[in-house]
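This chain uses plain numbering: 1 for the first residue, then up along the sequence. Everything numeric here is computed off the predicted structure, so don't read it as measured data.
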Amino acid sequence: MDTKKFTTTIQTKSMVEQVKENIINAIIMGELKPGDQLPTETEMCELFGVSRNTIREVIKILTTYGIVYIKRPEGTFVSEGYNPNMLNPMMFGILLGKKDWKELINFRMAVDIGTLYLACRYQSEKGMREIKDVLEKFEETLHREELSVKEIAKMDKQFHLAITKMVGNEILYTINDYISKFTLPSRLKTTEENIKNDTIQNYYVLHKKIYRLLEEKNVSMIEQIIKEHYIYWENTSIDE
């Protein structure tokens with residue numbers, strides 16, 4: 001096993017963090033490639049000057065992230081494909097960071113704008129049909145005699161994920177799915193307020209504008225329509 005692929009400089013971070021970052025950096029720099037086998041526990045203990053418990057904790061974390069996988073009895077290997085778990089640390093960091101609400105709005109707005117741009121570029125007949133089907137179900141949901149806050153929020157999520165699905169980028173889909181999850185409390189409250197204010201039907205109008213934008217591939221209108229789309233959600237007061 002070639003252990004020269006690792007840097008072993010000891011800094012102020014914990015041993016587990018140092019070893020973990022060292023392995024991740026080796027993968028980023030291409031020194032460890034997808035499918036490569038990591039050194040054995042004994043080799044890494046000697047290389048980094050740490051205990052077996054430290055190495056086992058590092059491997060446990062990297063396995064949870066989806067960065068490596070264990071294949072018994074052969075050993076530990078670098079993952080060979082994208083795993084949604086790889087985005088968990090970043091997304092949970094955003095969720096638990098208690099950032100200013102405006103920062104989260106701006107983050108989602110940037111993702112939505114980029115997603116629509118790519119959706120215009122990689123538009124497909126199948127994808128547009130799926131988006132239209134969700135839009136029609138969304139309209140039906142909004143015209144029910146008894147409106148369900150959760151059902152409306154669910155249809156909103158499905159609409160945006162259908163757009164992301166058409167792009168065909170797994171990483172972007174995962175990010176959008178996470179955004180939908182950790183903005184759910186605010187979206188539920190926004191929906192509830194719009195039902196009370198009798199403005200809930202505007203939801204369909206705003207989503208229909210997005211669909212028409214995609215039909216026309218009118219990228220010049222993306223930012224304006226997204227800003228209109230956020231008008232209610234942005235003004236919602238909620239403690240995240």
Nearest heavy-atom pair of [X] and [Y]: which atoms, and what distance?
X: Asp156; Y: His207; result: OD1-NE2, 2.7 Å
X: Val68; Y: Ile59; result: CG2-O, 4.2 Å
X: Ser79; Y: Gly66; result: OG-O, 2.8 Å
X: Met109; Y: Ile226; result: CG-CG2, 3.6 Å
X: Lys33; Y: Gly30; result: NZ-O, 2.7 Å

When the side chains of residues 110-122 are checked against the rest of the protein, which donor-acceptor pairs come out under 3.5 Å, sequence neighbours left out?
from   : atom 1 : to     : atom 2 : distance (Å)
Asp112 : OD2    : Tyr230 : OH     : 2.5
Thr115 : OG1    : Val111 : O      : 2.7
Thr115 : OG1    : Asn176 : ND2    : 3.3

Taking the side chain as every heavy atom from C-beta outward, state whether [X] and [Y] have any atom pair closer than 4.5 Å.
X: Ile210; Y: His160; result: yes
X: Leu213; Y: Ile222; result: yes
X: Thr63; Y: Tyr69; result: no
X: Met44; Y: Ile23; result: yes

(Q) Suppose the criterion is salt bridge (Lys or Arg N to Asp or Glu O under 4.0 Å): which pairs have a residue in residues 201-222, not counting sequence neighbours? (A) Lys209-Glu228
Check whether [X] reaches the backbone of [Y] with its side chain - one donor and one acceptor, N or O, closer than 3.5 Å.
X: Arg52; Y: Glu41; answer: no
X: Glu21; Y: Gln18; answer: no
X: Asp177; Y: Tyr173; answer: no
X: His229; Y: Ile225; answer: no

Consider only side-chain heavy atoms of I, L, V, M, F, W and Y, link residues closer than 4.5 Å, and tell whether [X] and [Y] are in one cluster.
X: Tyr65; Y: Phe77; value: no
X: Tyr211; Y: Val219; value: yes
X: Ile67; Y: Ile61; value: yes

Q | Over 12 non-hydrogen atoms of neighbours within 6.0 angstrom of CG in Asn197 | A | yes
Gap separating the [atom1] atom of [X] from the [atom2] atom of [Y], nearest 0.5 angstrom:
X: Leu32; Y: Gln37; atom1: CG; atom2: CD; value: 11.0 Å
X: Arg56; Y: Thr76; atom1: CZ; atom2: OG1; value: 11.0 Å
X: Ile200; Y: Glu192; atom1: CD1; atom2: CD; value: 10.5 Å
X: Lys60; Y: Ile55; atom1: NZ; atom2: CD1; value: 15.0 Å
X: Glu31; Y: Ile27; atom1: CD; atom2: CD1; value: 10.5 Å
X: Ile175; Y: Glu170; atom1: CD1; atom2: CD; value: 12.0 Å

Q: Could you give me the CA-CA distance, side-chain angles and deciding distance for Ile179 and Phe107, then say whether side-chain contact (heavy atoms from CB on, under 4.5 Å) is met?
A: CA-CA 9 Å; Ile179 290 173; Phe107 174 64; 3.8 Å; yes
**Q.** Lys20/Glu17 salt bridge by N-O under 4.0 Å criterion
**A.** yes
Q | By side-chain hydrogen bond (donor to acceptor under 3.5 Å, both in side chains) - contacts of Lys154 (at least two apart) | A | none
**Q.** Contacts of type side-chain hydrogen bond (donor to acceptor under 3.5 Å, both in side chains), residue Thr54, not counting sequence neighbours
**A.** Ser51
Q. Between Asn25 and Ile28, is a side-chain contact (heavy atoms from CB on, under 4.5 Å) present by the stated rule, with each step listed?
A. CA-CA 5 Å; Asn25 287 336; Ile28 291 172; 4.3 Å; yes
(Q) Could you work out, with salt bridge (Lys or Arg N to Asp or Glu O under 4.0 Å) as the rule, every residue matching Lys71, not counting sequence neighbours? (A) none
Q) Just one of Thr190, Thr191, Leu184 clears the side chain to side chain contact (heavy atoms under 4.5 Å, CB included) bar with Leu188, so which one? A) Leu184
Acceptor/donor pairs from residues 125-152 side chains to any protein atom, 3.5 angstrom cut, sequence neighbours excluded:
from   : atom 1 : to     : atom 2 : distance (Å)
Thr141 : OG1    : Lys137 : O      : 2.9
His143 : ND1    : Glu139 : O      : 2.8
Ser148 : OG     : Glu151 : N      : 3.1

Q | Worked check of side-chain contact (heavy atoms from CB on, under 4.5 Å) between Phe48 and Val58 | A | CA-CA 12 Å; Phe48 295 110; Val58 170; over 6 Å; no
Q: Walk me through it: do Ile231 and Asn202 pass the test side-chain contact (heavy atoms from CB on, under 4.5 Å)?
A: CA-CA 11 Å; Ile231 189 169; Asn202 289 337; over 6 Å; no
